[in-house]
Amino acid sequence: MGDAILDPAPGRPLDKSSSPASQGNGGTSLSVITEGVGELAVIDPEVAKKACEEVLEKVKLMHGISPDCLVKQSRRSEAEAALRSRVELANGDLGQGCEIKCLDDPPGTPSKIQEEDETVANTVKSARRRQKNNSAKQSWLLRLFESKLFDISMAISYLYNSKEPGVQAYIGNRLFCFRNEDVDFYLPQLLNMYIHMDEDVGDAIKPYIVHRCRQSINFSLQCALLLGAYSSDMHISTQRHSRGSKLRKLILSDELKPAHKKRELPSLSPAPDTGLSPSKRTHQRSKSDATVSVSLSSNLKRTASNPKVESEDEDLSSSTESLDKSFCSPVRLAPEREFIKSLMAIGKRLATLPTKEQKTQRLISELSLLNHKLPARVWLPTAGFDHHVVRVPHTQAVVLNSKDKAPYLIYVEVLECENFDTTNVPARIPENRIRSTRSVENLPECGITHEQRASSFTTVPNYDNDDEAWSVDDIGDLQVELPEMHTNSCDNISQFSVDSITSQESKEPVFIAAGDIRRRLSEQLAHTPTAFKRDPEDPSAVALKEPWQEKVRRIREGSPYGHLPNWRLLSVIVKCGDDLRQELLAFQVLKQLQSIWEQERVPLWIKPYKILVISADSGMIEPVVNAVSIHQVKKQSQLSLLDYFLQEHGNYTTEAFLTAQRNFVQSCAGYCLVCYLLQVKDRHNGNILLDADGHIIHIDFGFILSSSPRNLGFETSAFKLTTEFVDVMGGLDGDMFNYYKMLMLQGLIAARKHMDKVVQIVEIMQQGSQLPCFHGSSTIRNLKERFHMNMTEEQLQMLVEQMVDGSMRSITTKLYDGFQYLTNGIM
Amino acid sequence: MALAEKKGGLLRKSSASKKPLKEKVVLMYDEIFTIDDPSKRNPRFWEELFLMKVNLEYLEGKLEALDGEELMKIKDNINCLFQHCIQALAEEHPIRVVNALQTLCALIRGVHQKNKSTSGFDIINMLMGFDKAELCMKNLMESLDALLCAEGSESLKSLCLKLLLCLVTVTDNISQNTILEYVMINSIFEAILQILSTPLSRREHGYDAVVLLALLVNYRKYESVNPYIVKLSIVDDEATLNGMGLVIAQALSEYNQQYRDKEEEHQTGFFSALTNMVGSMFIADADEKISVQTNEAILLALYEAVHLNRNFITVLAQSHPEIGLMTTPASPVPTTPVTPLGTTPPSSDVMGSTELPLDADVQTSNLLITFLKYSSIVMQDTKDEHRLYSGKLCLIILTCIAEDQYANAFLHDDNMNFRVNLHRMPMRHRKKAADKNLPCRPLVCAVLDLMVEFIVTHMMKEFPMDLYVRCIQIVHKLLCYQKKCRVRLHYTWRELWSALINLLKFLMSNETVLLAKHNIFTLALMVVNLFNMFITYGDTFLPTPSSYDELYYEIIRMHQSFDNLYSMVLRLSTNVGQWKEPASKVTHALVNIRAIINHFNPKIESYAAVNHISQLSEEQVLEVVRSNYDTLTLKLQDGLDQHERYSEQHKEATFFKELVRSISINVRKNLAFNTLSQELLLKEFSTIS
């Protein structure tokens, strides 16, 4: 609706000129305050008053066109409540909007404020210009923008659809108001727009991106990677291409690191901020402290300990060394990129090996070498918290099943930290310093023996004067003396003398029953959980079957870092040679559907798994824990799915089985809808996982929307629903099956209600994309059609019935075919 | 050395007869060997000397020709030469440095060869003079250290290492080499580490550096504080340790490769010549050994690293794709030397290409796998002295590994599976092939295989008692770990059991011969206690309940052997004599095995009687075993899972002394040859600069 209402012509040229300015200022001033509310509370009343007056001044100028500015100003201090009431008096309804905004903004989102000062100024300018040939309608749009309903999804939508530079610029500024996490979700869309759409959109987005890049190294990395990946479809020589890659270069050149802007600050500090100088100065100092620690060991390569330098000196020298580095070379992102590069290189080399076994061995050895460079200032972008990678437990890594590529799964030990940039990289702990052994109570003496051994050699005893003792000995003598070894040795273990072996008669003999030993053996083996058997052709099955908690415990025990309280285990699938952009798109859609269903309180269960697109042909995937593919389940257990459920969860009537069954139904319904809406194809059992709670999880969204594997006319049904699935649900007549259909209906209704949110994600990504899922011209139209906006709920119910029937029919057809073949073949 | 001498001698003779005109450097040497100070006549004498190309043979020969007293007369000049050599080391021009290094080599060697009997102090006096020795050696070591650490020429560094090796190996017994006291004070340990930590220098000089380090560590290691021991034990820089591991792995795998090539050559030649061959002749053929010079020096280095440095254990499991990458392109090469004429038949190419992917361990290997393979080759034959040393050292290293907690953790790691092609001795009753499709298993299986292999193949008249004891100890240590950590290894324990029973059988049948030389009861006791371990603690580490049944089956099946053993030890323990004590220990240890036999045998007999079967099948016996466990009571024996820790100091000192002596001689021998070829290299060097 926006672009239709606004008259674009007069505003545009002026806006263009104003936007670059906003970039420049926005970029440089942002570091002034990052502590936000807390610090601002200290502002003396004089300053506050002055600021308030300024704001009022602006309000008067704008005549309510940019209450947004007012909102932001007012957020600067909680102490400005008075101001707000005055504003309310002056401009009633707008004040209300401001009130809402204030509530919307949690106090924990600082650091935007000073930037906003700038952007506000710009908005003011542009708004003022717009105002000249402003119509009443425009204020309606603005009122929408100001309302609490205006969320990030709408912002993205207007950014994409509006042709009005003013609106775009406005939304570009508005981005600063949203929560980081909310905007992060749309990062692929934002960047794709930046790359592929016209300059106005790009200019509107850029300040925000630059601002966020300065704040977060992870954001910088994601941006750089996505910019690279989404630019790759374009022709190299195009002008636009260079825009995306320019920004990428800017990010990678590390000019956006905090240290840089600090130096620029004094000359460019803008007028409105002068009153805040005391707090600025203190903050500046803390910033500079931060940059020092940021740059410590800024390279992936650990500063190799020079054997010639004593340890204290070493610390000193290495820190000064890297300090120097921080001032001369931009390396903030370098370690992480190096880390990613080496993971990808491993994948490439693995692909050249012929067998799974060789791949596995090679993988383990490559990772063990990688371990030498850890800990380092690197992190896993798929994780949800700040951390440093300290170790890759290389023996746990597995190669996943794939025909010609070599995706692999690694587990990564990390230490959680408060702030990635400021926390120091943990010190390396040598591999063999296992703190707790496999099971502590079983190995009481092992810890000691290590220490003993070490100490016995660090303080080498002086054995002067007994050279004769050994110089005349003969080798043969050793053999005769063997029994005495026990008494000679000074070790704990061998304190124990020869007698104890042989002198049982003198002591009370202890008797044991052979039957007990045998029984214990069989009992202990029976108690071990139903682990999968090791299969060299499918090494991942065992690794994935092991319960996550148990794996974490096991790896933690074996790790030299395991004793640290902030130790965490993460896992990641490294894919080399695969384009994960479609996976990312699917992830976004799934995530969106998940939140829609949550919002509408439909108990559908889906599990979007995080995707990191590294380039157009590589990336990382966050694995779904505690889940194995249905193919692996069936192959390993040799059971039907239902029998497997019974085996794993207990009998039909048990609580555990019923829970698992409900989980299965809820997830099945969720994924059936996903498969239908996204037209997910290639649904074989290797692409469907089953987790420990009974949920199914679809993976591999390589064929979605307009693309499908060429060979198959098989997958004509809306989604995959096999008899085995229906059996687990309790058969066609069961309550659970009806529940399943009802969930589908509710889910579809809910999804339909928020169709725009889903379609928007896909639509924006279509810009400039060569991805197979966008093949043809009707992708979006078809997607929209699948939401059946025009149907009544009754009709929708019919549709669901039809789809379920259709999917069932396709089984029955298949069954019939199979039956035909069998009977004819045999008879 | 002998070779060099001969060569030197020949050269000298020919030059003396054919060329009355001596080269200038020789004339200058002659001047040194006079009583007068050569710099008197020519003040620039020393400066000029180091510009001349060194004539090693002449200088060494000249020194050798002099007897002690004559040498004492020219001591001042020798001292002077030595000092000027050291001064020249600091010179900028590499030619002088090279010449000085070589002159030093010749000096040290020449003086020593003549004065083998004289004490180290006299030699120091001869070379440097007592008063100046300390400063002299300090300067020398500092110069060498500087040269080794500098970014300079590789051949210079190589020559420095050669000089050091020459210095270290100049006496047979390293501990009598008093000059090394100065090497202890002025440590070059850091320089060695630096060489090992950087890839380029490691490739060039790694081997020499590692051997040098191994030897230095053995200098008076039991008598005094050897700083190299202390320093080596605390190294924790992974790059360095890895570098060391790589050098060792490289040397060992070269040996393995050479052996495999020779063996292939052997077999292909053999098969092509004689197609119809009877088995007995095959054995005869195998008896003429495929001998490849063993390398105890590098093995000693491995031992010292494993034994002294606990961080090195991690390196064992560290894979070397580096080696893999180097050998992968090289692996088709071995097919060509088979046909040295260069007319490679196309068939061998095909064979080569099919071989390549099968040999999985070419691609990824680690030091431990390489070492296990090496051990399997070396331990095949323990008759010759070097091999015996090597084999014993291998077992000692394995003992250290089997004791280490971390090493055990990765040996038993279920996720680290490898295919280890151990060498198996060709024997009459078994086929040699079929090792190509070995399963991929945790590394401990390979260790156990190696132990079983050793047990089976060394029951000979020259009974290697010591090695057997070590071997059983290793198995015991591994079992102790498994019991403690409840590792249920899927291993065919049956092979181990039958090997052990066969060993007992062998001991008994050769009782008289063996008792004359060895205390066989120690070994018998250890073997019986291994069985006791399985019997009483089987529930903690056996993979399946049926494997426990199998253990009983095996004991019952071979009950004759245990019965015989029992009657033998009983006989000896009731007699008064030397063996009373040890034999009675074995009697007590046998209590559970005898209980099992006495419990089940009547049951099996009655089962056979009831069912009218004369010969019970395995399944039937197992059935009887399974149904009669509950009426069997066993005695819990203490200390089965205890083992004494390896200790070099008390038990192995003699062995290591001998070993180091043999290594020293060997290194010196090879060094003499190498230094000569080094000269060729330096010719090239001199033209460049």
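Residue numbers start from 1 in every chain, and the chains themselves are labelled A, B, ... in the order their sequence lines are given, proteins ahead of strands.
Contact of B/Ile535 with chain A is made through the backbone alone, with heavy-atom distances under 4.5 Å. Proximity to chain A is absent for every atom of B/Pro582, based on heavy atoms less than 4.5 angstrom apart. With a 4.5 Å cut-off on non-hydrogen atoms, B/Thr536 touches chain A through its backbone and its side chain both.
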(message) I'd like to know whether A/Arg518 forms a salt bridge (charged side-chain N to carboxylate O under 4.0 Å, His left out) with B/Asp549, so could you lay out the CA-CA distance, the side-chain angles of the two residues, the decisive distance to 0.1 Å, and finally the verdict.
(response) CA-CA 8 Å; A/Arg518 173 67 159 69; B/Asp549 305 337; 2.7 Å; yes

(message) What verdict does the side chain to side chain contact (heavy atoms under 4.5 Å, CB included) test give for A/Ile512 and B/Thr633, after you've listed the backbone C-alpha separation in whole Å, the side-chain angles of each residue and the deciding distance to 0.1 Å?
(response) CA-CA 6 Å; A/Ile512 41 168; B/Thr633 309; over 6 Å; no

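To the nearest 0.5 Å, the span separating OG on A/Ser368 from CZ on B/Phe410 amounts to 11.0 Å. Taking CZ of A/Phe511 as the start and CG of B/Asn592 as the end, the distance is 9.5 Å to the nearest 0.5 Å.
Nearest heavy atoms, A/Ile517 versus B/Asp539: O-CB, 3.3 Å. Closest of all the heavy-atom pairs between A/Leu521 and B/Thr544 is CD2-O, 3.4 Å. Across all their heavy atoms, B/Tyr548 and A/Ala514 have their closest contact at CE2-O, 4.2 Å. Heavy-atom minimum distance, A/Gln361 versus B/Arg419: NE2-N, 4.0 Å.
Legend: residues meeting side chain to side chain contact (heavy atoms under 4.5 Å, CB included) with B/Thr540, ordered by chain and number and at least two apart, are B/Lys483, B/Arg486, B/Tyr537.
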